[in-house]
Every structure is written in C-alpha cells, then in structure tokens.
*Asks:* 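Once you've had a glance at the structure underneath, I'll fire off some questions.
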Amino acid sequence: MVTIISTMETQVSNGPSGTSMPNGPVISTNGSTDDSKTNLIVNYLPQNMTQEEFKSLFGSIGEIESCKLVRDKITGQSLGYGFVNYVDPNDADKAINTLNGLKLQTKTIKVSYARPSSASIRDANLYVSGLPKTMSQKDMEQLFSQYGRIITSRILVDQVTAGISRGVGFIRFDKRNEAEEAIKGLNGQKPLGAAEPITVKFANNPSQKTGQALLTQLYQTAARRYTGPLHHQTQRFSVIPSLGKGPDPNNSSKPM
DNA sequence: TGTGAGCGT
C-alpha cells in the first residue's frame, strides 16, 4: 500500500531522534516539499506592525524561507496575522517556544504551526449566545468538543464588572463541517441544567465590517437613537447624512 | 450584534 509513506512521515514528526536536522527544506518521500514542520501562522499581531518588522522579528530566530504579513486586498491594512516558513524545522519549533505569548503593545501574539491551507478549514468560526452565565470556557469547550477539534474558544466578559460572563462567546473548529454539525446539534438546545436554549451560528467575517455593512450599522444606530414622536421624522433623516461626513472611517474604526 | 481580523497573490 502506498499509504505507508505518509505513516513514516508521521513517525518522523514525533521528534528528532538525537541526530541534528539537515539544513534545508524537508523533502518528503513522494518528492513534494512538506511545510508542516516549518510553516507557522502568527496571530494577534499589532495593527501597525509592518512586513519588515514582522520579518526581522521572526528572522532573529533563524533563516526564513518565506514570510508574509496578510493584508486587506483593497485597503492594504494589516489583517493582524501572518505566515513564516523557516528553512529548518528546529527554528520553527524554537520560534513557537520563544515568541508565542510575546507581548507587543496591547497584543499578545500567538505562534503556532500552520495547517495546510484548504477550503475545508475556512469559515469554521461560530458565535454562541444565550449561554448560562455560570458556564466557563472549559464547560463550553466540553459541550462543543463532541463535534470536532476546537482551535480557539472565548467567552466574552463584562468590561465593568470584569470577569462576569456576558453569556456569549466564540468557538473556532478545525473544519467547517465540524462547525456545521455543532450548529445542527446545539442551536436551540438547552445545555444540561440550563434554563434557556442557546443560539449557535456562524460568526460574522470581520472583513465584511467595511463598506455596506458599516453603512447599515450606521443607519441602524441612528434609527435607534431617534425613537421620538412621528412628526419629528423629517428632522431625523436630515441628521443621518451628516453622520457620514465624520472623521475618516479608516482611522476611527479601531475599538482600542 | 459580536472576539485579540485564525490559513495567504
């Protein structure tokens, strides 16, 4: 069977066995380059970090084969994450050990192995609401883990009373179909012992929070603000265009 | 209604 080849690769990934790694790209037995031990994804980078700063930070660990700070196609703004592919798997490992958790400005960066890029891992992020306030992040993970591998999870907390759950959170699965199954199985269901059912749906894509979505949001907030008597309606609408002429939206859209 | 923009030309 041909699949034995990949089995051998998996065994190698369990760790270097005393001998030092060759200095060069890892070539798997089928001849294609294997990035799984050299390619990293870096998340939660400060918004203002440049490609050059990104490269020099990770280049301080070892020789980089390639790296890229991911940016918005249209605006060119950093999306706050990037990829680093090292020449030597040992350096990738070292980067995780020394740079993961590093605090840069207000951020704490996360450094981990990148998964092979494919459509099946995209849009696997869920938004959950109606959670019991007593439910911890661990409880939530336990509830969702029956549907697949969880990559990240978070429960939002009240800013004022710092620490008290707002009953809403996010769960990112490894695969999109796992997220779909979790929606099917948990949306509208009551967790064990809970009084209210929870809502589980796909999270909004942050990139959609530009253009049209921002406009609708603007109109919605404007509409909510002016719930006075009907005869003031003409006055309300005269207010809305002036909201659009505010300061540069590119600059004011940072909630920090 | 909403995360610390999680898979890239």
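The chains referred to below are lettered A, B, ... by the order of the sequence lines, with proteins before strands, and numbering in each begins at 1.
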*Asks:* Calculate the interatomic distance between A:Leu79 atom CG and B:dC7 atom P; express it in whole Å.
*Replies:* 10 Å

*Asks:* Among pairs that include at least one residue of residues 183-200 of chain A, which meet side-chain hydrogen bond (donor to acceptor under 3.5 Å, both in side chains), considering only residues two or more places apart or in two chains?
*Replies:* A:Glu181-A:Lys184

*Asks:* Go through residues 150-160 of chain A and report each residue with a non-hydrogen atom lying under 4.0 Å from DNA chain B, sorted by number.
*Replies:* A:Ile151, A:Thr152, A:Arg154, A:Leu156

*Asks:* Hey, does A:Ile109 reach any base, or is it just sugar-phosphate, or nothing, if we go heavy atoms under 4.0 Å?
*Replies:* base

*Asks:* With clusters built from Ile, Leu, Val, Met, Phe, Trp and Tyr whose side-chain heavy atoms come within less than 4.5 Å, directly or transitively, what are the remaining members of the cluster of A:Tyr44, listed by chain and number?
*Replies:* none

*Asks:* A:Asp158: which residues meet the side-chain hydrogen bond (donor to acceptor under 3.5 Å, both in side chains) condition with it, sequence neighbours left out?
*Replies:* A:Thr161

*Asks:* Please pick, from B:dT3, B:dA5, B:dT9, the nucleotide with the shortest atom-to-atom distance to any side-chain atom of A:Gln47.
*Replies:* B:dA5

*Asks:* Pick base, sugar-phosphate or nothing for A:Arg115, based on heavy-atom distances below 4.0 Å to the nucleic acid.
*Replies:* base

*Asks:* List for me each residue that meets ring pair (Phe, Tyr, Trp, His ring centres under 6.0 Å) alongside A:Phe54, sequence neighbours excluded, and say none if there are none.
*Replies:* A:Phe58

*Asks:* Using the ring pair (Phe, Tyr, Trp, His ring centres under 6.0 Å) criterion, which residues pair with A:Tyr127? Sequence neighbours excluded.
*Replies:* A:Phe170

*Asks:* Could you list the cluster mates of A:Leu186? Members are the ILVMFWY residues connected by side-chain heavy atoms closer than 4.5 Å, either directly or through other members.
*Replies:* A:Leu126, A:Val128, A:Leu131, A:Met135, A:Met140, A:Leu143, A:Phe144, A:Tyr147, A:Ile150, A:Ile155, A:Ile171, A:Phe173, A:Ile183, A:Ile198, A:Val200, A:Phe202

*Asks:* Look at the side chain of A:Asn205 against the base of B:dG2 and say whether a donor-acceptor pair falls under 3.5 Å; ignore hydrogens and angles.
*Replies:* no

*Asks:* Of the nucleotides B:dG2, B:dC7, B:dT3, which has the atom closest to the A:Asn204 side chain?
*Replies:* B:dG2

*Asks:* Partners of A:Phe83 by ring pair (Phe, Tyr, Trp, His ring centres under 6.0 Å), sequence neighbours excluded?
*Replies:* none

*Asks:* Please tell me which of A:Val70 and A:Gly80 maps to the more 5' nucleotide of DNA chain B, matching each residue to the nucleotide holding its nearest heavy atom.
*Replies:* A:Gly80

*Asks:* Quick check for you: among B:dT1, B:dA5, B:dG8, whose closest atom lies nearest to any side-chain atom of A:Tyr127?
*Replies:* B:dT1

*Asks:* Residues of residues 163-171 of chain A with any non-hydrogen atom less than 4.0 angstrom from an atom of DNA chain B: list those, numerically ordered, please.
*Replies:* A:Arg166, A:Phe170

*Asks:* Send over the distance from A:Arg172 CZ to B:dG2 P, rounded to a whole Å.
*Replies:* 19 Å

*Asks:* Whole Å only: how far is the CZ atom of A:Arg71 from the P atom of B:dC7?
*Replies:* 18 Å

*Asks:* Could you state the NZ-P distance from A:Lys73 to B:dT9, rounded to the nearest angstrom?
*Replies:* 6 Å

*Asks:* Report yes or no: is there a donor-acceptor pair, N or O only, under 3.5 Å between the side chain of A:Lys201 and the base of B:dG2?
*Replies:* yes

*Asks:* Would you mind reading off the distance between A:Leu40 atom CG and B:dC7 atom P, rounded to a whole angstrom?
*Replies:* 16 Å

*Asks:* Kindly state whether the pair A:Phe83 / B:dG8 counts as stacked, where counting means centroids closer than 5.5 Å and planes tilted less than 30° apart.
*Replies:* yes

*Asks:* If you measure only the distance, is there a donor-acceptor pair under 3.5 Å linking the side chains of A:Glu141 and A:Ser153?
*Replies:* yes

*Asks:* Could you state the CG-C1' distance from A:Asp72 to B:dG8, rounded to the nearest angstrom?
*Replies:* 13 Å

*Asks:* Quick one, which residues of residues 178-185 of chain A touch DNA chain B with a heavy atom under 4.0 Å?
*Replies:* none

*Asks:* Which residues, ordered by chain and number, are linked to A:Ile121 in its hydrophobic cluster, where ILVMFWY side chains connect at heavy-atom gaps below 4.5 Å, directly or through other members?
*Replies:* none

*Asks:* Please name all residues satisfying side-chain hydrogen bond (donor to acceptor under 3.5 Å, both in side chains) with A:Thr134, sequence neighbours left out, ordered by chain then number.
*Replies:* none

*Asks:* Just by distance, with hydrogens left out, do A:Asn85 and A:Glu65 show a side-chain donor and acceptor under 3.5 Å apart?
*Replies:* yes

